[in-house]
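This chain uses plain numbering: 1 for the first residue, then up along the sequence. On a predicted model such as this, the values are computed, not experimentally measured, just so you know.
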Amino acid sequence: MQEAFLAPHHDGSPLYVPGQSPGVGDTLAVRVRVPARWGTPGRVFVRSLRDGEGHYDEARLLPGEEHDSGWACWEAHVTAVNPTLRYRFLFELPGTPGPDLRWLNAVGASRRDTADRDDFRIDCRPAPAPWARDAVIYQVFPDRYARSSAAAPLDTLPDWAVGCTWDDPVQPRGELTPRQVYGGDLDGITARLDHIRALGATVLYLTPFFPARSNHRYDASTFDEVDPLLGGNAALVRLVEAAHARGIAVLGDLTVNHTGDAHDWFRKASADPTCEEAGFYYFSEDGTEYASWFGVPSLPKLDWSSPELRRRFVEGPESVVATWLLPPYNLDGWRIDVANMTGRHGPVDLNRDVAALVRATMDAVRPGLMLLAESTGDATGDLSGRTWDGGMTYSNFTRPLWQWLAREDQATAGINFFGTPAPGVPRIDGADLVATHMALSSGFSWRVRSQNMTALNTHDTARAATVMVDGGAALGLALAFLLPGLPTLFAGDEFGLRGTNGEDSRTPMPWDRPERRPADTRALIAGLAALRRASPSLRDGAVRWLAATPDVVVFVREHAEECLLVAAARSDYEGVRLPLDLLPVPWADARPIDLGLPGASAEESGDALVLSGRGPGVQAWRLPGVAVPVADPARNGWRGR
């Protein structure tokens, strides 16, 4: 692991690729930085794929201030011949008897030849709108957030629902689990928007609001209206207008993989195998069986080979996708449920076709909206291309974070670890945290990586506070803001709520019951959001790992305007050494930042910076920005910033 920290660095961020939104045929600058202690290349090349064939562009060494700190910057001009530019670096070092060739791709540095699948990538597509690129997301499960005075009385609920008072316990498993209704509604959320804004959130993400026969509403019975239990269409209009007035965008949640078995389409299809809707689903030849999500009968799977389904659901301004993005509703985008499974059934794979249709409709009716895909495992394949802005994925952040911060005792034995058969959460050390994060981030373009939701937990997982060491959840929240991605809060994170699985985590918000708040992290979250809002390095900066011990990980976010050095620890530590020549700039100008958590000290000792601190905790230091060479047309050469 330490050898990886000494390698040349590139991650596709604006520090290395200033042109983040090229079009096909554009030529863009691509840079790599090389630490002096790693070696001095004689030549550097960028190998890119052009129509599937390798092409080499020679880079040149750029003069600049960076050389004084032990780093050299090389740049090549590379043409994006195809919609996705794939590339890696080749270094020619002096050797005996011949040159010593080294490669750098998204996985890391290597002495041997590497596979094209591990190349860096840039997708030729327009940039996200600034509000989407810099978002802090707050997720709400409507039934459990807040109940307005206009909410439907609990004794008038539909026959599938079981009314519960706000203080009734949630049943994490069993027949009652999807039927418990607490009566939260959209007007209740509207009344709490100032709370959301005070946390620093800029996007409100609502789980489904369509009518259904469950409290989670992923089994929609129609996509044509807002569930009356939530206040109906007018309540959604009021919520979006009030959110927009506070500078908060609103994201809806849409299931394009399946409907509920009570949906009008499915009922027609079941009653008449010759009707048009029968082609919307996968029925057996005799019509007695049908495909469903994970075999759950109430969630029949959609067949996207149907032109009529495409027309009604995703094509054009009258489609389901478009209707809720246009007046009077004006949603600012969609999170697509189980996007990784959509359009896939046995030998059929229409997944990318559906994604492209959704994106095209959104861009046509209202450009600049957010489109996120749920893809909970290794999402690097599903999120490639020019459709999704990013994803709700747990692979590269949430899962390894849980493992690093997991309790050492058997307290996690009853926790479902993201669907694995493991009895609880298997604990890992800091080196494995970094290695897992790097490996499962390597397949993302920088654009997608920076638009992925970095969540401590969500409505589909246990609560991190149940899994982690005391203080670990607060540390995890800090890392969600300090690493690349869109920090994502699930309502209740600010109160340290607990839960053993997704259903148990959907606890009603304890607005008037402070004794039901195990922790209060509102000030921490607001401070982190303010720091991110003011910090170009946290919004756009490169990320480079510097150290990983069992209990401590250290990284730096690098940008032309500033750098942030971050040390995160799960327990108390001392004597973690960082070679000074791996820092982006001299240490003398570093200034500590108080994040509101247990921190650390740093002292220069010889050729190293020595860190000691408390944990669980995190310490950040602000340093000057990295010197970035820029073109100087008058000199036909290059100059420092």
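Side-chain contact check for Pro128 versus Arg447: some heavy-atom pair is nearer than 4.5 Å. In this structure the side chain of Asp353 never reaches within 4.5 angstrom of the side chain of Trp304, judged on heavy atoms. Between Phe89 and Val30 there is a side-chain heavy-atom pair separated by less than 4.5 Å. A heavy-atom distance below 4.5 Å is found between the side chains of Phe490 and Phe141. Side chains of Met468 and Trp402 form a contact here, defined as non-hydrogen atoms less than 4.5 Å apart. By the 4.5 Å heavy-atom criterion applied to side chains, His459 and Ser505 are not counted as neighbours. You'll find the side chain of Val321 reaches within 4.5 Å of the side chain of Trp334, heavy atoms only. Residues Ile122 and Pro22 are in side-chain contact: their nearest non-hydrogen atoms beyond the backbone lie under 4.5 Å apart.
Ser13 and Arg449 are not linked by any side-chain donor-acceptor pair at a separation below 3.5 angstrom, with hydrogens and angles left out of the test. A donor atom on one side chain and an acceptor atom on the other are found under 3.5 Å apart for Glu562 and Ser535. For the 3.5 Å distance criterion, the side chains of Tyr205 and Asp253 qualify, holding a donor opposite an acceptor. If you check the side chains of Asn452 and Thr393, you find no donor sitting under 3.5 Å from an acceptor. Arg352 and Ser384 form a side-chain donor-acceptor contact under 3.5 Å, judged by distance and modelled atom types alone. Looking at Asn351 and Thr342, their side chains never bring a donor and an acceptor atom within 3.5 Å of each other.
For the atom pair Phe120 CZ and Ser48 OG, the distance stands at 13.5 Å (nearest 0.5 Å). Here Leu486 contributes atom CG and Thr454 contributes atom OG1; the two are 6.5 Å apart, rounded to the nearest 0.5 Å. How far CZ of Phe45 is from NE2 of His55: 11.0 Å, rounded to the nearest 0.5 Å. Taking CG from Leu564 and CD from Glu558, the interatomic distance works out to 11.0 Å, rounded to the nearest 0.5 Å.
Looking only at distances, no side-chain donor or acceptor of Gln403 sits under 3.5 Å from a matching main-chain atom of Leu401. Although no hydrogens or angles enter the test, the distance criterion places no donor-acceptor pair under 3.5 Å between the side chain of Asp332 and the main chain of Leu251. The closest donor-acceptor contact from the side chain of Ser110 to the backbone of Arg112 lies under 3.5 Å. Of the possible polar contacts, one joining the Trp71 side chain to the Asp581 backbone as a donor-acceptor pair under 3.5 Å is found. With hydrogens and angles disregarded, a donor-acceptor distance shorter than 3.5 Å links the side chain of Arg544 to the backbone of Leu582. Not one N or O on the side chain of Arg539 forms a donor-acceptor pair closer than 3.5 Å with the backbone of Asp134. A donor-acceptor pair under 3.5 Å links the side-chain atoms of Thr461 to the main chain of Thr458, judged by distance alone. When atom types are taken as modelled, the side chain of Ser395 and the backbone of Gly377 share a donor-acceptor pair closer than 3.5 angstrom. A distance-only check finds no donor-acceptor pair linking the side chain of Thr488 to the backbone of Ile137 [under 3.5 Å]. Proximity of a side-chain donor or acceptor of Thr521 to a complementary backbone N or O of Leu524 within less than 3.5 Å is not detected.
Taking a cutoff of 4.0 Å between a charged side-chain nitrogen and a carboxylate oxygen, Asp113 and Arg88 qualify as a salt bridge. Between Asp389 and Arg125, at least one side-chain nitrogen of the basic residue sits less than 4.0 Å from a carboxylate oxygen of the acidic one, meeting the salt-bridge criterion. Looking at Asp378 and Arg399, no side-chain N of the basic residue comes within less than 4.0 Å of a carboxylate O on the acidic one, giving no salt bridge. Ionic pairing of Asp363 and Arg386 is not present here: no N-O contact between side-chain nitrogen and carboxylate oxygen is shorter than 4.0 angstrom. For Arg570 and Asp429, the salt-bridge test fails: no basic side-chain N is under 4.0 Å from an acidic carboxylate O. The existence of a salt bridge linking Asp337 and Arg335 is confirmed by a sub-4.0 Å separation between a basic side-chain nitrogen and an acidic carboxylate oxygen.
For Phe91 and Trp38, the distance between ring centers is under 6.0 angstrom.
Counting all heavy atoms, side chain and backbone alike, Gly385 lies closest to Asp123 at O-OD2, 2.9 Å. Of all heavy-atom pairs spanning Asn396 and Leu440, the tightest one is CB-O, 3.5 Å. Here the closest heavy-atom approach between residue Pro8 and residue Val34 is recorded as CB-CG2, 4.2 Å. Residue Leu383 comes nearest to Ala373 through the heavy atom pair CD2-CB, 3.8 Å, listed as atom of the first residue, atom of the second, then distance. Closest approach of Leu405 to Gly476, counting heavy atoms only: CD1-N, 4.2 Å.
Other residues, nucleotides and ligands place more than 12 heavy atoms under 6.0 Å from the CZ atom of Arg50.
Classification of the Phe418-Tyr394 ring pair by plane angle, with boundaries at 30° and 60°, yields tilted. Taking the six-membered ring where the residue is Trp, His10 and Tyr87 present perpendicular rings, their angle passing 60° and hence far from 30°.
Results of the side-chain contact (heavy atoms from CB on, under 4.5 Å) test with Leu477 over Leu482, Ile525, Val618 single out Ile525 as the only residue that passes.
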Audit row: Trp545, His437, ring pair (Phe, Tyr, Trp, His ring centres under 6.0 Å) steps and yes/no
CA-CA 11 Å; Trp545 295 90; His437 177 75; 5.8 Å; yes
